[in-house]
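Worksheet for the structure shown next.
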There are 2 protein chains.
Amino acid sequence: MNKELLHIKLVRELIAFIASGKYEDGVRLPAERKLCEQFNVSRGTVRQGLYDLEKLGILKIKPGSGAYVQKISQKKLPAHLLPLDFANVTFSDIIYARKAIETAAITLACEKINAHQIEELRQLTEKMEQAKDNLLEFLKLDTQFHQLIIHASGNMPLVTAFASIAEYHKYSQVFSSLYESEIHTAINFHKKMLSALNDHNVKNAVKAIIKHLEHTEQITKSAKQKNIFV
Amino acid sequence: MNKELLHIKLVRELIAFIASGKYEDGVRLPAERKLCEQFNVSRGTVRQGLYDLEKLGILKIKPGSGAYVQKISQKKLPAHLLPLDFANVTFSDIIYARKAIETAAITLACEKINAHQIEELRQLTEKMEQAKDNLLEFLKLDTQFHQLIIHASGNMPLVTAFASIAEYHKYSQVFSSLYESEIHTAINFHKKMLSALNDHNVKNAVKAIIKHLEHTEQITKSAKQKNIFV
DNA sequence: CCACATTGGTATATTAAATATACCAATTTA
DNA sequence: TAAATTGGTATATTTAATATACCAATGTGG
């Protein structure tokens, strides 16, 4: 058994942090002392992590100024820095696995979901409509929506399984611009899921979630996206 | 972020180790120095882990003699010692999730499986027949068989998802005695899966794996088993 | 029954990871 | 240009984990 080094854990967190933001155009990371608070580690550990990321070419550290993100999309990350094996993962693989897990989950959720959860889903769709222009926010809400359905299934193994898939999703997600019409379509699928869950209509719920995932897959395929972790 | 303490990791490993063996009747664990080799940690770490388990009432340590397993089935384990949330997990939940994941996996595997993998599966079924009397060995081979199918799917997210399910399975599995007829039935299902995979017959493969999992569920339900981690 | 090997119990020195603090020089900001 | 902020460096301390050695109690084989 091996010790888990804290700065390696931090590197993984930072990669996820960078990947879930705008990373292309030389954005500056929070100052080292801020990162200490944010991740609750000492400055020495933060500096080790940043040094590793600079060695990988992901960061350019400028003394007295800050750490600036380099073009991460062109980098290759060594496997041991990733929590999962990304070598042979396509977006379609993730969608396929999500279909399997989420279909099973929404089937259970149709029986077990309660009024409070329905209300939460309704509020999420509302927020999604308001977040049409904020892609990052929109995707965050989308993830929350799906997680809530999984939890509503009451099946912990499915929750765990989905969490591991979500980890892939988080890392591999490259944020291309979604057109307004596509966001609109996505919101409509969520409304259909919500309506079906409310009616305890398994057939419609499954249909809606599958269509939604296939739509997501199509968008991603048509965009000129690559997995940033090759 | 917190440091991962090695002896806590070891405690989890030991719980799984104990749970996957005969733990009821005061069996003696391997000597501390053996455990050091087995888990590749120092004796100090092993002793910390054993001390924790004794505090939990899972072990009774006798100086000069060894560490003896107590009736673990009556113990409650604190959540932080478990890698997953077992509070609300039934065996049926695990089977339900496995159905979702393994059905998706075997569908892909039917297309993608190669001759080498088929041969490996064949050898596993052979070994299973030879291990009819060794329940632990039999279950180990069963797990290997299923893992190989998932890998043959070539879908890494499914592999990850299944691994998280397997973690539940490992911990929650309470080994009641399987009757010979049940082992025989299980082997037959594996042969059907193998045959269907060999013929690239998706329909039969899915049918076989679902029947197999439902059979496993029935056996477990009929036995007087409780989840040991409540 | 006895000699010897094995087992858990204890103590100690050492290594390495992570923390905590302080101070410097370069950069940024007001 | 003065003050604040930033990365760079050095050092002392704490703690997890290792590595060794030795003891007393237990177990084992002749």
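So you know, we letter chains A, B, ... as the sequences are listed, proteins then strands, and number each from 1.
Within the 4.0 angstrom heavy-atom criterion, no nucleotide atom of any strand lies near Leu50(A).
Residues Lys127(A) and Phe138(A) fail the side-chain proximity criterion, which asks for heavy atoms closer than 4.5 Å.
OP1 and OP2 of dA17(C) both lie 4.0 Å or more from every side-chain N or O belonging to His7(A).
For the pair Arg47(A) CZ and dA10(D) C1', the interatomic distance rounds to 12 Å; values are reported in whole Å. Look at NZ on Lys34(B): it is 12 Å from C1' on dT7(C), rounded to the nearest Å. Across the protein-nucleic acid pair, Leu10(A) atom CG and dT19(C) atom C1' stand 15 Å apart, rounded to whole Å. Look at CG on Asn2(A): it is 15 Å from C1' on dA16(D), rounded to the nearest Å. Atoms CD (Glu32(B)) and P (dG9(C)) sit 6 Å apart, rounded to a whole Å. If you measure from atom CE of Met1(A) to atom C1' of dT18(D), you get 13 Å, rounded to the nearest angstrom. Protein atom CD of Glu54(A) is 7 Å distant from nucleotide atom P of dG8(D), rounded to whole Å. Whole-Å rounding puts the Leu35(B) CG to dA17(D) P distance at 16 Å.
By the 4.0 Å N-to-carboxylate-O rule, Arg47(B) lies close enough to Glu32(B) to be salt-bridged with it. With respect to Glu37(B) and Lys34(B), no salt bridge is recorded, no charged nitrogen being found less than 4.0 Å from a carboxylate O.
Annotation: salt bridge (Lys or Arg N to Asp or Glu O under 4.0 Å) contacts of Glu54(A) (sequence neighbours excluded): none.
In this structure, a donor-acceptor pair under 3.5 Å is absent between the side chains of His151(A) and His146(A).
Between Leu158(A) and Ser153(A) the shortest heavy-atom distance is CD1-OG, 4.3 Å.
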Query raised in the report: What does nucleotides 23-30 of chain C look like as a protein-contact string, B for base, S for sugar-phosphate only, - for none, at under 4.0 angstrom between heavy atoms?
Result: B--BSS--
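Residues Ala31(B) and Lys3(B) each lie close to DNA chain C; by heavy-atom proximity, the contact nearer the 5' end of the strand is made by Ala31(B).
The closest donor-acceptor contact from the side chain of Tyr96(B) to the backbone of Pro157(A) lies at 3.5 Å or more, if one exists at all.
For Ser42(B), whose side chain is taken as the heavy atoms from C-beta onward, the closest listed nucleotide among dG9(C), dA17(D), dT19(C) is dA17(D). Checking dT9(D), dT19(C), dT18(D) against the side-chain heavy atoms of Leu6(B) singles out dT18(D) as nearest.
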